[in-house]
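What follows is one structure encoded as structure tokens, with my remarks underneath.
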Amino acid sequence: MKTLVVIGSTGSIGRQTLEVVKAQECLLVIGISCGHNIELVTQQVDIHRPRFVASLRKDPSLQVCFPRTRFFWGSKGIEELLDAARPDLVMISVPGVAGLRYSLIATEVSGRICLANKETLVCGGRVFLDAVQKNGVELIPVDSEHSAVFQLLEGDVKPREIFITASGGAVRDLKKAELQEITAAQVLKHPVWSMGEKVTIDSATMVNKGLEVIEAHYLFGLPQERILTFMCRNSVIHGGVIYEDGTVKLHAGVPDMKIPISYSLNHPERRPMDTEFDLTSESLLLEDIDEDKYPALSLAREITGHHARQIAYNAADEISVEAFLAGRIRFVRIFGIISSTIQRIDLDAPTSYNEIMEIDRTARIIAEEEVLRCSSL
Ligand code: MG
């Protein structure tokens, strides 16, 4: 049986990955890693009995409970775990730019990366793709829209265009003026998907779709103008490809992350899932996205392919979403902070992981200054 390591096993994608593996009995989980959720990781170790566990928070009592498991602690723990486990597959399901480090190591120690971490491509850019190519590792996207396009493109000629869809998040039915006073609790009520806090806020600003356009640019090697975006309110259509002869192939199905997770683990096979999709009860409707209401999407298009700006876009978003969740800034300020940070950053494209992280740090400092400016407004 092939072996799997799940990086970020206590997050939304990580938990669902372990559920899929348990239900399908398709892989042997030999390693899991978490940040601070010791309670949940203890349950997961108890169920899956992995040989290796990494945890950011040190808790020696775990080693006492599970003497046959080898534990790694602290910020270097995940790297040590990957090196010790050398699994067939790695699921990268941590959020944020931290995922890039683990994805890069995974290219050296594993045969397949199941990638749920957008920042690996947005911030890693060519540096990451070169590592994938050099090590001959398979890269399978887990992001639902990219999984959809990946599945549609397989073994097919290059399309004229591809598209990914957006639900519009929790604010899609509010007018632009109504966004001024919206609270974090309101934005966190996503209409379709159940996801982590960061990505739920990113759905409402459409920064998420912006990151996904950049992600698609690197995954599928297309310029941003050939990566279209549409609103699909029920998230039943995830993506599609459009050919020169006018043919459109759609990828549709139940909006359930377990489906792209399972696909990434089992590709090129498909395993049965207990999801029923009733074709006659769901509307298959795409709408244009109001870019005036969602300026973060247009901004992402402008910077696609500008590696340093992509890193700044992501870093400024992480800082401003955190500030919004902490009640320091209003929702509508997120875009301005990202935009100002990008304008203030003037750096060449990075050629290494260290240069990437240097730009990330600089961008975070600038974004923090912008947050302070906004919070006094
Ligand atoms: Mg997505």
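Values below: all heavy atoms of this structure, side chains included; hydrogens, waters and symmetry mates excluded. The shown structure was predicted, so the numbers you read here are calculated from the model rather than taken from an experiment. For ligands, and for the atoms within them, numbers begin at 1 and follow the listed sequence.
- Nearest N, O or S atom of D143 to the Mg ion (ligand 1): atom OD1.
- Under a 4.0 Å N-O distance rule, the pair E302/R309 does not qualify as a salt bridge.
- In terms of distance to the Mg ion (ligand 1), the nearest N, O or S atom of E212 is named OE2.
- A salt bridge does not link R70 to E80: none of the charged side-chain nitrogens sits closer than 4.0 Å to a carboxylate oxygen.
- The atom of E145 nearest to the Mg ion (ligand 1) is OE1, with the search restricted to N, O or S atoms.
- In this structure, the ring of H267 has its center less than 6.0 angstrom from the ring center of Y263.
- Counting heavy atoms from C-beta outward, I365 and E369 have side chains that approach closer than 4.5 Å.
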